[in-house]
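As structure tokens, the structure follows; a few thoughts come after it.
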Amino acid sequence: DGWHYSRLFAEAMQLMATGATAGDAAVVRDNLRAIADFITTDQGRYVFSAAVVRPMVNRYLPAVETNLQALPPGRSSWRDELAYGSTMKFYARTVGLVPGLWGYGLEAGDSGFAEWTLKTASGVFKELKVGFGLAHAGLTLSVKRGDRLETVTVHSGGGDTGWLTIPEEFLGTPEITLVVAGSNSGPSGAIWMCNARMEALIE
């Protein structure tokens with residue numbers, strides 16, 4: 001059993017680092033659920049490196065449990081630390097962003113963005129807000145409508161952005177695509193976005 005769950009854990013961590021689809025997210029979720037159950041058993045405490053694995057499961061499972069493209073009616077929340085892109089990349093197309101241990105980075109003199117699509121399972125967005133932790137200053141949040149980008153806010157500082165509320169004019173739809181962009185004018189690469197969070201009300 002220990003080898004089996006070690007394989008499940010290795011597969012989950014590999015997909016957290018390299019996966020790119022909602023199907024990959026489902027594999028990570030199912031594997032981490034199985035491991036979470038196993039490490040509570042008497043055998044799991046001894047056969048598996050529970051002391052090492054439990055914090056990792058506790059870190060990633062809540063984020064991957066939330067399907068950001070099938071949000072149910074009611075209130076939903078999600079938060080992720082973005083190590084190697086983590087679960088955000090299952091729902092986002094990235095350009096110019098470099099995934100790493102501490103989140104998304106930017107190359108020297110370069111810019112990048114994540115085109116992040118959120119969808120409901122049924123109903124429409126009535127409220128939506130997002131927030132980000134920045135190690136490198138500067139973030140522009142926009143909503144994509146067709147081929148047009150409409151800027152919601154520009155955050156010029158670093159650290160935590162606080163909650164950034166999507167205006168009502170962009171709500172009332174079952175699908176919203178956000179574009180989160182940054183740039184690095186410095187002479188060397190920089191860690192940029194270290195964590196992200198979302199809260200939504202679907203009716």
Side-chain angles (χ1 to χ4, degrees), residues 12-29 32 55-69 71 76-119 128-144 149-166 175-200:
M13 292 301 99
Q14 181 181 27
L15 288 175
M16 288 294 282
T18 64
T21 68
D24 293 334
V27 173
V28 174
R29 180 198 62 219
L32 293 184
M56 300 289 285
V57 172
N58 291 341
R59 177 180 179 181
Y60 291 118
L61 185 55
V64 81
E65 288 274 20
T66 303
N67 185 338
L68 297 179
Q69 294 189 343
L71 295 169
S76 293
S77 63
W78 167 90
R79 178 183 173 87
D80 204 336
E81 300 303 315
L82 302 184
Y84 296 102
S86 200
T87 62
M88 185 180 189
K89 67 177 174 293
F90 297 133
Y91 311 100
R93 179 178 72 92
T94 62
V95 175
L97 300 183
V98 183
L101 179 60
W102 304 110
Y104 284 116
L106 293 162
E107 297 286 5
D110 203 1
S111 59
F113 66 86
E115 188 175 287
W116 185 22
T117 300
L118 306 173
K119 300 178 182 180
L128 177 62
K129 58 184 180 180
V130 294
F132 306 92
L134 304 178
H136 180 80
L139 177 146
T140 300
L141 175 66
S142 305
V143 174
K144 186 175 183 181
L149 284 184
E150 300 192 27
T151 300
V152 172
T153 188
V154 176
H155 182 85
S156 59
D160 191 87
T161 63
W163 284 113
L164 308 175
T165 300
I166 305 304
E175 179 177 330
I176 297 177
T177 296
L178 305 176
V179 176
V180 187
S183 61
N184 174 20
S185 59
S188 58
I191 300 167
W192 174 51
M193 186 164 59
C194 299
N195 60 69
R197 61 190 186 275
M198 178 279 310
E199 288 189 0

Name the orientation class of the two ring planes belonging to Trp78 and Trp116 (parallel below 30°, tilted from 30 to 60°, perpendicular beyond 60°). tilted
Show, in sequence, the C-alpha distance, side-chain angles and deciding distance for Val180 and Val130, and conclude whether the side chain to side chain contact (heavy atoms under 4.5 Å, CB included) test is met. CA-CA 10 Å; Val180 187; Val130 294; over 6 Å; no
Quick one, Arg59 with Glu81, criterion salt bridge (Lys or Arg N to Asp or Glu O under 4.0 Å). Give me CA distance, side-chain angles, the key distance, then yes/no. CA-CA 8 Å; Arg59 177 180 179 181; Glu81 300 303 315; 5.4 Å; no
Of Leu118, Thr117, Asn67, the one forming a side-chain contact (heavy atoms from CB on, under 4.5 Å) with Tyr91 is Asn67
Is the closest side-chain heavy-atom distance between Leu164 and Val152 below 4.5 Å? no
Counting only heavy atoms not in Glu107, do more than 12 fall under 6.0 Å of its CD? no
If you round to the nearest 0.5 Å, how far is OH of Tyr60 from CE of Met13? 6.0 Å
Rounded distance [0.5 Å steps], OG1 in Thr66 versus CG in Leu71: 7.5 Å
What is the minimum heavy-atom distance between Tyr104 and Lys89, and which atoms define it? OH-CB, 3.4 Å
Find out whether Thr161 and Leu141 are in side-chain contact, i.e. whether some heavy atom of one side chain is under 4.5 Å from a heavy atom of the other. no
With rounding to the nearest 0.5 Å, note down the distance linking SG in Cys194 to NE2 in His136. 11.5 Å
Non-hydrogen atoms of Asp24 and Gly19 that approach each other most closely: OD2-CA, 3.3 Å
Kindly compute the distance separating CG (Leu128) from OG1 (Thr165), expressed to the nearest 0.5 Å. 8.5 Å
N/O donor-acceptor pair under 3.5 Å between Trp192 side chain and Ser111 backbone: no
Correct closest heavy-atom pair for Arg197 and Phe132 would be NH1-N, 3.7 Å
From OG1 (Thr94) to CZ (Phe113), nearest 0.5 Å: 8.5 Å
Measure from the side-chain N and O atoms of Asp80 to the backbone N and O of Thr87, and report whether any donor-acceptor pair falls under 3.5 Å. yes
How close do Asn184 and Leu106 get, counting heavy atoms only, and between which atoms? ND2-O, 3.4 Å
Between CE of Met88 and CE of Met193, what distance do you get to the nearest 0.5 Å? 4.0 Å
Considering all heavy atoms of both residues, which atom of Pro62 and which atom of Val57 are nearest to each other, and what is their separation? CD-O, 4.0 Å
Where do Gly85 and Pro99 come nearest, in terms of heavy atoms and distance? N-CB, 4.0 Å
